[in-house]
**Student:** 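Next up is a structure, given as structure tokens.
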Amino acid sequence: MPHHDPYRPPAKKFKPGSAFFHHKPAMLLPKKGNNPPPTPMEVQRKRLPIYQAKHQLLTQLRQLPCETGSGKTTQIPQYLYEAGIGRQGVIAITQPRRVAAISLAGRVAEEKRTPLGKLVGYTVRFEDVTSSETKLKFMTDGMLLREAIGDPLMLRYTVVVLDEAHERTMHTDVLFGVVKTAQRRRRELSKVPLKVIVMSATMDVDLFSEYFNKSPVLYLEGRQHPIQIYYTKQPQSDYLQAALITIFQIHQEAPASHDILVFMTGQEEIEALARTCRDISKHLPDSCGPMLVIALYASLPPAQQLRVFQPAPKGCRKVILSTNIAETSVTISGIKYVLDTGMVKSKRFNPESGLEILAVQRVSKAQAWQRAGRAGREDSGLCYRLYTEAEFDKLIPMTVPEIQRCNLASVILHLMALGIPDVMHFDFMSKPLPEAIHSAVVQLELLGALEKKEQQVTLTALGKKMASFPLEPRYAKTILLSPGFSCSEEVLSIVSLLSVDTVLYNPPARRDEVLAARRKFISSEGDHITLLNIYRAFKKVSGNKEWCRENFVNSRNMGLVKAVQAQLRDICLKLNMKLESCGSDTASVRRCLAHGMFVNAAELRPDGSYVTLDSQQSVAIHPSSVLFQGKPACVVFNELVHTSRCYMRDLCLVDAEWLADAAPDYFSRKMRHAKS
DNA sequence: GAGCACTGC
């Protein structure tokens, strides 16, 4: 099948006189950059490109059982509603991100002139702004997936609109299969039909159409402005050096109001390049004008992230050095130039070792086009690719979908809970490796969530309970075991602490202060108990902000921990679990962790190194662990990270006997393996 | 003796 690039630009032209780059003309449909004068809402809605397609869209929607489309997220749901389609139920519109779901709902409610939560509402984790009147419901795709556990046929919905499908998040990919199954089952059971609309920003829709039984495709013209694409003439051995040269080349030539956005791979190189740029810009001739260099990545405190939206002072150029957060999650106006290093840091998964590796790799063509597109949002723009056109041609066309790059344990558990009979052959749009599915099934069997009966894999009662938690299966299992050790309160806290990014704030410049402040919480029992100590202290001062600052605790994430814990506690109560505290008896907590996480265990070898009991992988204690200085004989850990070495992160000291108690069969098998 | 892209339930 011939493959076409999303947004394939026309043929190239050589620009003489540029030492570094050659260029290709505009990649997208030229449009006038003038903003229309303010008009009433109705007129504005009619001006949107999708309005032209309204009639055709509605005709097709009426005739067909299943649809594929592409277009404007705020309008299609309104068209459907106004045309009376799906009025018997609710129209769901899914988004990969919370902020998008919330802000889109706000905009549509405004257009419909109704208060949010009435006709138009949204549902995201920790927040449900809907009512019995809600007909247009914006939600995260993860939320719809979770709802489906209680309602696999999705009977409360008549239409599901899956937006931003091109991003291929794990949740959207699972949803594809779930809505397709629901659609078929409803037809078989003669229920109200479920209509599905897939919206994608790329033109690579063949896959979607094919998957949904060759559904019709509707193309919509975007509102992108033309963007000039430049490539380097020679391959660059050092993309950071190339970025630096290009930034200052542009800075010398372009008007100061033209901002630059540079796509890079991570915090460290961004901070380093930011320092270099600031240094150099101080020593430039006056004719150049000042430069404001701003770093942008997800782990920056929110206040610092907001700086990218502030316009630079007049006569000063804004240069933003960003990770791929600026590809989709953060949209910055006023960008005239995009510099694309062609590299990205992303996760890869090895199903054999079960290890996830975070590595710098080349972007896909689709990603390169996405980056370029960030330059043409208000007006025409320019994109400098810091690699040659030949190198571009060798990039893979699309980013590998997340579902093919991660551990599938929770996905498989979720599908089983939805009543999918044959998970090994589930109709994924892009099939994960069979080894990855198999290794997930094995992991879930070990946890007691699945069992094999006459070649059939079935969900156990324990597995069903595990699936009701929005957690990694091993965390859910640990919670479910906790009443047996009378330490549910502690385990709920620990699991909640582990579910957020990090509650610890570690500014490198204040390292000694951080260590001093943290010393009073450190437990020789490991990182879990240390975190628990911090959380208990936090609760004792009722989350006092000043206390958080003094103790280098991230108060925003701590707030999130509280919300997660409340949610988990609710689920426990619904399962009739007895929630007790073990007080100071933290050994009970460790015993419980050993029983829940025995697959992630490691022991000390005579030579002072560590080896995992599961796959005999050689590992080391991560230097961030409180056990780093010690030599515990036996530990369980939360995860392995493969960077310069293979490190265990978040360790808990356990007794070897506890592990043997937790899974006698498993460990006797492991012993045999070790001997042979 | 390290250093971690980005989402989400």
**Student:** When rounded to the nearest 0.5 angstrom, what is the spacing between CG in A:N554 and OG1 in A:T502?
**Tutor:** 7.5 Å
**Student:** Between P on B:dT7 and CG on A:N407, what's the gap in Å once rounded to a whole number?
**Tutor:** 21 Å
**Student:** Sort out for me which residue in A:D141, A:T73, A:D163 forms a side-chain hydrogen bond (donor to acceptor under 3.5 Å, both in side chains) with A:Q95.
**Tutor:** A:D163
**Student:** With a 4.0 Å cut-off, would you call A:R97 and A:E167 a salt bridge?
**Tutor:** yes
**Student:** Identify the two heavy atoms, one from A:M648 and one from A:A602, that lie closest to each other, and give their separation to 0.1 Å.
**Tutor:** SD-CB, 3.6 Å
**Student:** Tell me, which of residues 139-152 of chain A have any heavy atom that sits under 4.0 Å from an atom in DNA chain B?
**Tutor:** A:T140, A:G142, A:M143, A:R146
**Student:** Using whole Å, report how far NE2 of A:H414 lies from C1' of B:dC9.
**Tutor:** 8 Å
**Student:** Can you confirm whether A:R125 is buried at CZ, in the sense that more than 12 heavy atoms of other residues, nucleotides or ligands lie under 6.0 Å from that atom?
**Tutor:** yes
**Student:** Where along nucleotides 1-6 of chain B does protein come under 4.0 Å, by heavy atom, of base (B) or sugar-phosphate alone (S), with - for untouched nucleotides?
**Tutor:** BBSBBS
**Student:** For the residue pair A:V344 and A:T265, establish whether any side-chain heavy-atom pair is separated by less than 4.5 Å.
**Tutor:** no
**Student:** Rounded to whole Å, please give me the gap between CZ in A:R569 and P in B:dC9.
**Tutor:** 21 Å
**Student:** Between A:K347 and A:E402, does at least one N-O distance fall below 4.0 Å, as a salt bridge requires?
**Tutor:** no
**Student:** Listed in order of residue number, which residues of residues 95-104 of chain A have a non-hydrogen atom at under 4.0 Å from DNA chain B?
**Tutor:** A:P96, A:R97, A:R98
**Student:** Nearest-Å distance, CG (A:D570) to C1' (B:dC9)?
**Tutor:** 14 Å
**Student:** Please report the closest heavy-atom contact between A:L339 and A:A243, naming both atoms and the distance.
**Tutor:** CD2-O, 3.8 Å
**Student:** May I ask you to check whether A:F208 and A:F176 place their ring centres under 6.0 Å from each other?
**Tutor:** yes
**Student:** Against the six-membered ring of A:W369, is A:R385 placed for a cation-pi contact (under 6.0 Å from the centre, within 45° of the normal)?
**Tutor:** yes
**Student:** Take atom CZ in A:R605; do more than 12 heavy atoms of anything else shown fall under 6.0 Å from it?
**Tutor:** yes
**Student:** Can you tell me how far C1' of B:dG8 sits from CG of A:L175, to the nearest Å?
**Tutor:** 12 Å
